[in-house]
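What follows is a set of notes on a single structure, which appears directly below.
Order of the sequence lines sets the chain letters (A, B, ...), proteins ahead of strands, with each chain counted from 1. Nothing here was measured: the structure is a model prediction, and the numbers come from that model.
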Amino acid sequence: MLKTRPLPYDFHFNQLLTALVRMKHYNVAVSFFTDMCTLSVPIDIITFNIAINCCCHSNRLDYAFSLLAGIFKRGFVPDVFTYTTLIRGLLSQDKSAEARILFTNLVKYKEFQPNVVTYSTMINGLCKTGHADMALWLFRFMEKSGCKPNTVTYSTIIDSLCKRGLVDDALNLHSEMIEKGILPNGCTYSPIIQVLCNVNRWGEVDRLLKQMIDDMKISPDIHTFTILVDAYSKSGKLDDAKRLIEIMNERGKYPDIVTYSSLMQAYCSRGEMDEALAVLNTIRSKKMTPNCYTYNILLDAYCRELKLDTAMDLYRNMACEGLEPTVETHSILLHGLCRLGKSVEALAFFYKIQGQGHKLDIVIYRTLLDGLCKNQYVDKALSLFHLTRCNGLIPDRDTYNIIIRGCLRNKRYSEACKFMDKMVDCGFLADAFTTSLLQHLLLSEVQDPILLAMHQKCLHSGNHEENHRVHIPEDINSGGPGFTALYGIFKPKEDNLCES
DNA sequence: CTAGGGTTAG
């Protein structure tokens, strides 16, 4: 008798499958799983769950659901992992309505008992699809139904609050979790620190960083460091940002493509393109691959400097490097073309990218509509506006305001008025730019009754808020804790080096 | 053995 028997047949397959997942080769994992099925390798519910997760990660929801059918067909019972994975899949595909239906029905018919992961997944998805109110409701509901939120749940809600600019609510929730004995981690602190930087509450950034490092013994990771590098870059403190990158290198928390892109952005916004390109070289020398974000930052900078040819060269270069341009890439280029008065060329470019099947969104339409109107092509703008809905996009408040101002500037008052009525019907109000343009026209021209009526509508709709407040710091160097404080936080390296 | 959260762009 042999002492060691060969491992079971399916063992190697499962090992390989999990290895593929670890390497994030989800597509390969899915086809490997189908091969396992054809080869009649024994498959259990866990393997099914892994396969379903891979489908969700590679945007193959239909296949994920057909695997659910496969689970039933083999007489297995889907578990909380299966359903949580499917819910996350739906949410990541912008199908939050479907996810909500699946979740509520499963609970209603007692198909499964959601756990803290399911709730957190659902809450995160709701936050990311613009249903933050529902997310908050579910957050309070889960507690009531006996499922305690954990660090992940709290971090998810805190992040959402931060993204909506509700810093103080986020801070309150942060205190609440500590009081309840749920310890925050890096994912909890990062979004709060980021938003505090954005609103120049640097004293609190300082306090939170100290609390995180000294009290909670959390040493900042790449995410937190990158947020700080970005914040320093954006507040004009390039030297501090660079020093922070040095600290990262010293600590072995090596800056990644995001960190360097942030630094590059800082140079771009100063118009120091040579320096920006030097950062790009650093990225390449460290064997990192520039991604779409990196390119978009550069493209935008060249467009702002009216160097459209350079921008277009870079755009073609992206394709050579195998990078799919994003909707932002195209928006940047269209904006660049319009800024140079080439709005007809922009329109042609728009049709080209549409023909190539690239994603279009409302910002693309806004950019083009604005460009066409500013270059006196109102009729082209009007027909494009009507095309918006045909392409499944709904004009929002900003889009309406752009077309209204376009009509006004080109003396197409009755059309402007019609759009204003439509906009109000849709529940949107005129913004501050439109209101002040109307006032300007009324003061400088013959008082057109249509303009007067439109202006009345602006006032009646209660549009007195300041819509486009621009934050102008009193002094560019007054914001931020400055290098001394920064150094104070990161100096005692030996103490902070402890990893958890 | 399988599921959840935080960083850069228009």
### Summary
Closest of B:dT2, B:dA3, B:dG10 to the A:Asn115 side chain is B:dA3

#### Entry: Rounded distance (Å) that lies between atom C1' of B:dG5 and atom CE of A:Met177
11 Å

### Query
Where the side chain of A:Asp256 is concerned, which of B:dT7, B:dG5, B:dG6 is the nearest nucleotide?
B:dT7

### Query
What nucleotide, of B:dG6, B:dT7, B:dA9, holds the atom closest to the side chain of A:Ser190?
B:dG6

### Among B:dG4, B:dT8, B:dG6, the nucleotide that comes nearest once only the side chain of A:Val116 is considered
B:dG4

### Query
Could you give the CG-to-C1' distance, from A:Leu136 to B:dG5, as a whole number of Å?
15 Å

### Query
Can a salt bridge be assigned to the pair A:Arg201 and A:Asp168 using a cut-off of 4.0 Å between side-chain N and carboxylate O?
yes

### Task
Identify which nucleotide among B:dT7, B:dA9, B:dG10 has an atom closest to any side-chain atom of A:Val327, counting heavy atoms from C-beta outward.
B:dG10

### Query
Under the 3.5 Å rule, do the base of B:dG6 and the side chain of A:Asn185 count as making a donor-acceptor pair?
no

### Task
Taking the side chain as every heavy atom from C-beta outward, state whether A:Met288 and A:Tyr260 have any pair of such atoms under 4.5 Å apart.
yes

### Task
Examine B:dA9: is either OP1 or OP2 under 4.0 Å from a nitrogen or oxygen in the side chain of A:Lys234? Give yes or no.
yes

### Query
Considering only side-chain heavy atoms of A:Thr153, which listed nucleotide, B:dA3, B:dC1, B:dG4, is closest?
B:dG4

### Query
Are any of the side-chain heavy atoms of A:Cys303 and A:Leu308 separated by less than 4.5 Å?
yes

### Task
Tell me what A:Asn124 touches on the nucleic acid: a base, only sugar-phosphate, or nothing, going by heavy atoms under 4.0 Å.
sugar-phosphate

### Message
Which nucleotide wins on minimum distance to the side chain of A:Ile364, given the candidates B:dG5, B:dT8, B:dG10?
### Response
B:dG10

### Task
For A:Phe225 and B:dT7, give me the distance from atom CZ to atom P, rounded to whole Å.
17 Å

### Query
Taking the side chain of A:Tyr293 as heavy atoms from C-beta outward, which of B:dT8, B:dG6, B:dG10 is closest to it?
B:dT8

### Query
Taking N and O atoms by type only, does the side chain of A:Thr121 place a donor or acceptor under 3.5 Å from a partner on the base of B:dG4?
no

### Message
So if I take every side-chain heavy atom of A:Ile50 and compare against B:dG4, B:dT2, B:dA9, which nucleotide ends up nearest?
### Response
B:dT2

### Query
Should A:Lys128 be listed as having a side-chain N or O under 4.0 Å from OP1 or OP2 of B:dG6?
yes

### Message
Between the base of B:dA3 and the side chain of A:Asp79, is there a donor and acceptor pair under 3.5 angstrom?
### Response
no

### Query
Counting side-chain heavy atoms from C-beta on, which of B:dC1, B:dG10, B:dG6 comes nearest to A:Asp361?
B:dG10

### Query
Salt bridge between A:Arg243 and A:Asp240, side-chain N to carboxylate O under 4.0 Å?
no

### Query
Between A:His174 (NE2) and B:dG6 (C1'), how many Å, whole number?
13 Å

### Query
Across the strands shown, which category fits A:Thr156 at heavy-atom distances under 4.0 angstrom: base, sugar-phosphate, nothing?
sugar-phosphate

### Message
Among A:Leu196, A:Ile192, A:Asn198, which residue satisfies the side-chain contact (heavy atoms from CB on, under 4.5 Å) criterion with A:Gln194?
### Response
A:Asn198

